[in-house]
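To start, the structure under review is shown below, and the notes come after it.
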Amino acid sequence: MKITLKDGNVIEYSEPLRVIDIAENISPGLARNACAAIVNGEEKDLRYMIEEDATLEIVPFGSKEGNHAFRHSSAHLMAQAVQHLYPAAKFAIGPAIDDGFYYDIEFEEPISQDDLPKIEEEMKRIVKEDIPIERYILSREEALKWAHDEGEIYKVELITDLPEDAIISFYRQGDFTDLCAGPHLMSTGAIKAFKLTSLAGAYWRGDEKNKMLTRIYGVSFPKKKDLDEYLERLEEAKKRDHRKLGREMELFTFMDEGPGFAFFLPKGMVLKNTLMEYWRKVHDRYDYKEISTPIMLTQDLWETSGHWDHYRDNIYTSVIDDQAYAIKPMNCPGAMLVYGAGQHSYRELPLRIAEVGLVHRHEMSGVLHGLMRVRAFNQDDAHIFITIDQIKDEVENVIHLIDEVYKHFDFKYHVELSTRPEDSMGTDEEWNAAISGLKEVLEKIGLPYEINEGDGAFYGPKIDFHLEDSIGRTWQCGTIQLDFQMPRRFNLEYIGADGERHMPIVIHRVAFGSIERFIGILIEHYAGKFPFWLAPVQVKVLPVSRNTQDYAQEVMTLLRSRGIRAEIDDRDEKIGFKVRSAQMEKVPYSLILGQREAEDRTVSVRILDEGEAGVKALDVFVDEIANQA
RNA sequence: GCCGAAGUGGCUCAGUGGUAGAGCAAUUCACUCGUAAUGAAUAGGUCGUGAGUUCAAUCCUCACCUUCGGCUCCA
């Protein structure tokens, strides 16, 4: 048989061989690092027997498939340890995830964080024993019998739900056996470095009606160094946590009096206003008009829009003069009313109506998370009214706008196309037309995308923008949604070239998404060290002593007159102290002003994280910096 | 909402069944200083809220609130 490797080389063998043997044959190093294999495009085990011509890629840790196998085996390793320590534990599912693995387990007695080291110790012991992992197959009856005999009620359910023709495979390592599709490593010895990171509740099958199981999360790596690096990255993320920086930098806060409702402090407001100033400039250039609609509107309106049916659980309500009102969870109905209030000609379209609207949504208490997940936030919304022929051009136009905005913050991003959810309005034809329209645009401009099945809005499909921050995490921010439903429900129309009434189509879109969340992301992306134009305080003026305070005051007044956000630190402290405190406040520029500078009318510049940047003439520095802003 | 953990001066955190401490920050005073912490003094807390156990609760019990890690949901 001929084996075609990834690099195109072909090796011939006279008899069937396992993947691991072929790897060994190619090089012992390859075999040592191998985690799994891709045979004819399918993920397989290293113990998979190749019997005829095939393409073969042997994947090490570091590849997606390799990591998957490694982490999955780690989950089994943990399960084995748990079984040793808690024989009564029942196992549900234990998959690999992007950063590690978890296993959902039902314990007789609840366990706590303090029990994790004990489990880690047992895992270490099992790793040291280097127990071979074996794979075998059972018939459905045999598999069910095993699960019943073991009392593994969750496995019984899993086996029962497997499709008719499924191959039911098991993996055994010593005294531990688990139902599993694999692939897995060859033995437990490879899992050299791991850590159980957290403990959490998780519903069986993710359904809140089901029993809550205990989920243990862990990470694992072939080398200790990799684990250390991973833990360092976690530390870095912790340092950048916007909740911590937001407090330290006095940007925003939360109070018990309004859980999930952010309070913006003066410096946070500067940030927010600066951000919105930029946003308005961009949107003006792209020919958007801005409106503002009420936060509270009658309940009837939300019944008309469909929100009452589809979004009721999240809507806050109130009563005014015996009339039921809803506090808006979205801006669209307001925009529909504005459009509907006047007559429109096809000549006006595309009509781009933006609204930075404050929406309120009742989120479950357990999901609140700093600025990332709140109960009231501003959406940088816009509703674009177009004819059916304008869909592609306009979607493309919006994509360009969003692209421009993200690049401005040095974000990379990828897009996903979300299709029809279960709970939705409209006909299949409309949905299919809308989805294929969006696909065409993405393909036309060559933007790669993934499909996110069933994740669209209830009124139409959407393109979601997931941006990637400076430490590699992704966040969903922008979306573009195509909507045939709202225009119909609100009887919107425009007069066409033919003099007849036609129904426009609406594009809903946001670029930042939620201003609050975007600010949270920016804080973490920049680790609080905002670019000059965005920094709440841009320049800190530091007189060396009392003697140079007048000059420092003059410099600050000049900076402010040029629109630069400057503050003076005229405390009676040593210059080292003031420098340190300016650096800790993460102010981009510090100006050290002593006797020499005052006499020569210069400034000694210090740049955040870069240190001393030389002495410059005052007016030269001010000109330079005013251009940056 | 559910599972688990936590809540002590502005911040970070000690601590004890007999009504509380440190560092930083703040305030005042002295020093007037050249690129990441000058020194001293002062002030500041009904220990998340409410009930219970106890002679006595910040500490033990219960309920609630908030926060944190997840589930689920989402911008």
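Chain letters run A, B, ... following the sequence lines, proteins first and then strands; every chain starts at 1.
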Nearest-Å distance once atom C1' is located in both rU42(B) and rG9(B): 15 Å
Hey, do the aromatic rings of Tyr103(A) and Phe91(A) have their centres closer than 6.0 Å? yes
State whether Glu290(A) and Arg280(A) are salt-bridged, where the test is any N-O pair (Lys NZ or Arg NE/NH1/NH2 against Asp/Glu carboxylate O) under 4.0 Å. yes
To the nearest Å, give me how far apart CZ (Arg215(A)) and C1' (rU72(B)) are. 10 Å
Nearest-nucleotide check on RNA chain B, Glu573(A) vs Thr214(A); residue mapping nearer the 5' end is Thr214(A)
Under 4.0 Å between any heavy atoms, over every strand shown, what does Lys540(A) touch: base, sugar-phosphate, or nothing? Just pick one. nothing
Under 4.0 angstrom, heavy atoms only, what part of the nucleic acid is Tyr217(A) near: base, sugar-phosphate, or nothing? sugar-phosphate
Which part of the nucleic acid, if any, lies within reach of Asp256(A) when heavy atoms closer than 4.0 Å are counted: base, sugar-phosphate only, or nothing? sugar-phosphate
Can you find a side-chain donor-acceptor pair between Asp483(A) and His508(A) that sits under 3.5 Å? yes
When rounded to the nearest Å, what value does the distance between P atoms of rA25(B) and rC11(B) take? 15 Å
I'd like a table of atom pairs between the protein and nucleotides 8-12 of chain B - only N or O on both sides, under 3.5 Å - with the distance next to each one.
residue, atom, partner, partner atom, Å
rU12(B), OP1, Arg247(A), NH2, 3.0

Sugar-phosphate, base or nothing in reach of Arg243(A), heavy atoms under 4.0 Å: sugar-phosphate
Please check if any side-chain donor atom of Glu453(A) sits under 3.5 Å from a side-chain acceptor atom of Thr419(A), or the reverse. yes
Distance-only donor-acceptor test, Tyr203(A) side-chain atoms vs rG1(B) base atoms, 3.5 Å: yes
Identify, residue by residue, the members of residues 406-422 of chain A with a heavy atom below 4.0 Å from RNA chain B, and return them in order of residue number, or none. none
rG34(B), rA36(B), rG1(B): which one has an atom nearest the side-chain heavy atoms of Met364(A)? rG1(B)
Looking at rA75(B), rU67(B), rG69(B), which one has an atom nearest to any side-chain atom of Pro259(A)? rU67(B)
For Leu368(A), answer base if it contacts any base atom (sugar-phosphate contacts may also be present), sugar-phosphate if it contacts only those atoms, and nothing otherwise; contact means non-hydrogen atoms under 4.0 Å. sugar-phosphate
Remember a base hit wins even if backbone is also touched, and classify Ile592(A) as base, sugar-phosphate or nothing at under 4.0 Å, heavy atoms. base
Looking only at side-chain N and O atoms, does Arg606(A) come under 4.0 Å of OP1 or OP2 in rA36(B)? yes
Which nucleotide, in any strand shown, forms a Watson-Crick or G-U wobble pair with rA25(B), with both distances under 3.5 Å? none
Across the strands shown, which category fits Glu516(A) at heavy-atom distances under 4.0 angstrom: base, sugar-phosphate, nothing? nothing
Remember a base hit wins even if backbone is also touched, and classify Val359(A) as base, sugar-phosphate or nothing at under 4.0 Å, heavy atoms. nothing
By the 4.0 Å heavy-atom rule, please label Gly576(A) as base, sugar-phosphate, or nothing. sugar-phosphate
Can you tell which of rA36(B), rC71(B), rG69(B) lies closest to the side chain of Ser198(A)? rG69(B)
With no hydrogens and no angle check, do the side chains of Asp464(A) and Thr479(A) hold a donor and an acceptor under 3.5 Å apart? no
Once you apply a heavy-atom cut-off of 4.0 Å, does Glu597(A) come out as touching a base, just sugar-phosphate, or nothing? base
rA14(B) to rC62(B) separation - C1' atoms, rounded to the nearest Å: 28 Å
Just call it for Arg571(A): base, sugar-phosphate, or nothing, with non-hydrogen atoms closer than 4.0 Å on any strand. sugar-phosphate
Within this structure, what is the CZ-to-C1' distance between Arg375(A) and rG1(B), rounded to whole angstrom? 10 Å
Throw together a table of side-chain donor-acceptor distances under 3.5 angstrom for residues 405-415 of chain A, partners on residues two or more places apart or in other chains.
residue, atom, partner, partner atom, Å
Tyr406(A), OH, Gly478(A), N, 2.7
Tyr406(A), OH, Ala511(A), O, 2.7
Lys407(A), NZ, Asp403(A), OD1, 3.1
Lys407(A), NZ, Asp403(A), OD2, 3.0
Tyr413(A), OH, Asp403(A), OD1, 2.7
His414(A), NE2, Glu416(A), OE2, 3.3

Looking at rA75(B), rG34(B), rC33(B), which one has an atom nearest to any side-chain atom of Lys574(A)? rC33(B)
Against the six-membered ring of Phe101(A), is Arg71(A) placed for a cation-pi contact (under 6.0 Å from the centre, within 45° of the normal)? no
Could you say whether Met330(A) or Gly258(A) is positioned toward the 5' end of RNA chain B, judged by the nucleotide with the nearest heavy atom to each? Gly258(A)
So what does Val367(A) hit on the nucleic acid, given a heavy-atom distance under 4.0 Å: a base, only sugar-phosphate, or nothing? base
